[in-house]
Amino acid sequence: MPTPKATPIEASEMTQEILQSILRRRNAPLWLITRVRIIVQALTGQSNTAISDELGLDRGAVRLWRDRWQVSTEKREALEADTASAQELEAFIIDSLRDSYRSGTPPKFSAEQVVQIVAIACEDPQASGYPVSHWTPKEVAMEAIKRGIVESISPRQVGRFLK
């Protein structure tokens, strides 16, 4: 079964010098060094499998960064042609090797609900019919559900809000 060919990538001499300077840094973050190594090795024509074996990475990760480098080629070349500033080009290269933004899961509770839950904790528990002098997260959670502020909430989550 034939294996798919890796995306061929290119870089100008100026870009290659910048990549080498990043590799020589002693204080560069590991994520950046790893991704620059992928690009430098890919520029020599190595396959994704060879690069992944040498760097101890997943082949999919190597393919991802090779493809992202290829996608940014047009912008990188335009930037290189417009300005001869190595600093701007380096900033663009580093930015293109950063992780994409991931939004994460949306919050379950709105800011208004959190404020109302905190307000419950500031009230006197005896005014709400609890025979205690101080609120516990469990009692605040029960009161928030009873008042219809939230449909359900764990005492642990209430504790996080009140922390």
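FYI, the numbering just counts along the sequence from 1.
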Supply the atom-to-atom distance [X] [atom1] to [Y] [atom2], rounded to the nearest 0.5 angstrom.
{"X": "Arg63", "Y": "Ser47", "atom1": "CZ", "atom2": "OG", "result": "12.0 Å"}
{"X": "Ile9", "Y": "Thr73", "atom1": "CD1", "atom2": "OG1", "result": "7.5 Å"}
{"X": "Leu19", "Y": "Glu90", "atom1": "CG", "atom2": "CD", "result": "9.5 Å"}
{"X": "Ile22", "Y": "Ile39", "atom1": "CD1", "atom2": "CD1", "result": "10.5 Å"}

Among pairs that include at least one residue of residues 103-119, which meet salt bridge (charged side-chain N to carboxylate O under 4.0 Å, His left out), considering only residues two or more places apart or in two chains? none
May I have the list of side-chain donor-acceptor pairs in residues 49-58 shorter than 3.5 Å, sequence neighbours left out?
unit_1, atom_1, unit_2, atom_2, d
Ser52, OG, Asn48, O, 3.2
Ser52, OG, Thr49, O, 2.9
Glu54, OE2, Gln41, NE2, 3.0
Asp58, OD2, Gly60, N, 3.1

Return the set of residues passing side chain to side chain donor-acceptor pair (under 3.5 Å) with Thr34 (not counting sequence neighbours), or none when no residue passes. none
Decide yes or no for [X] and [Y]: does some side-chain heavy atom of the first lie under 4.5 Å from some side-chain heavy atom of the second?
{"X": "Trp69", "Y": "Ile93", "answer": "yes"}
{"X": "Arg68", "Y": "Ser100", "answer": "yes"}
{"X": "Ile94", "Y": "Val36", "answer": "no"}
{"X": "Arg35", "Y": "Asp99", "answer": "yes"}
{"X": "Ile145", "Y": "Met142", "answer": "no"}

Using distance only, find each side-chain donor-acceptor pair of residues 148-163 under 3.5 Å and give its atom names and separation, not counting sequence neighbours.
unit_1, atom_1, unit_2, atom_2, d
Ser154, OG, Gln157, N, 3.0
Gln157, OE1, Arg160, NH1, 2.7

Examine Met14 and Leu43 and state if one hydrophobic cluster contains both, with Ile, Leu, Val, Met, Phe, Trp and Tyr joined whenever side-chain heavy atoms are less than 4.5 Å apart. yes
In terms of hydrophobic clustering (I, L, V, M, F, W, Y; side-chain heavy atoms under 4.5 Å; direct or indirect links), are Ile33 and Leu64 co-clustered?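 Yes, Ile33 and Leu64 fall within the same hydrophobic cluster.
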Atom of Arg76, atom of Leu89 and distance for their closest heavy-atom approach: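 So the minimum-distance heavy-atom pair works out to CG-CD1, 3.7 Å.
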Residues forming a ring-ring contact (aromatic ring centres under 6.0 Å, His included) with Phe92, sequence neighbours excluded: none
Is Asp95 salt-bridged to Lys75, cutoff N-O under 4.0 Å?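 The answer is no: the pair does not qualify as a salt bridge.
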Any side-chain donor near an acceptor of the partner, Arg24 and Ser21, under 3.5 Å: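 Short answer, no.
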Would you say the side chains of Glu80 and Thr15 form a donor-acceptor pair under 3.5 Å? yes
Pair up each side-chain donor or acceptor in residues 118-133 with any protein partner under 3.5 Å, not counting sequence neighbours, and list the distances.
unit_1, atom_1, unit_2, atom_2, d
Glu123, OE1, Arg147, NH1, 3.4
Glu123, OE1, Arg147, NH2, 2.6
Glu123, OE2, Arg147, NH1, 3.2
Ser128, OG, Arg147, NH2, 3.1
Tyr130, OH, Glu143, OE1, 3.2

Flag if over 12 foreign heavy atoms under 6.0 Å of CD, Glu10: no
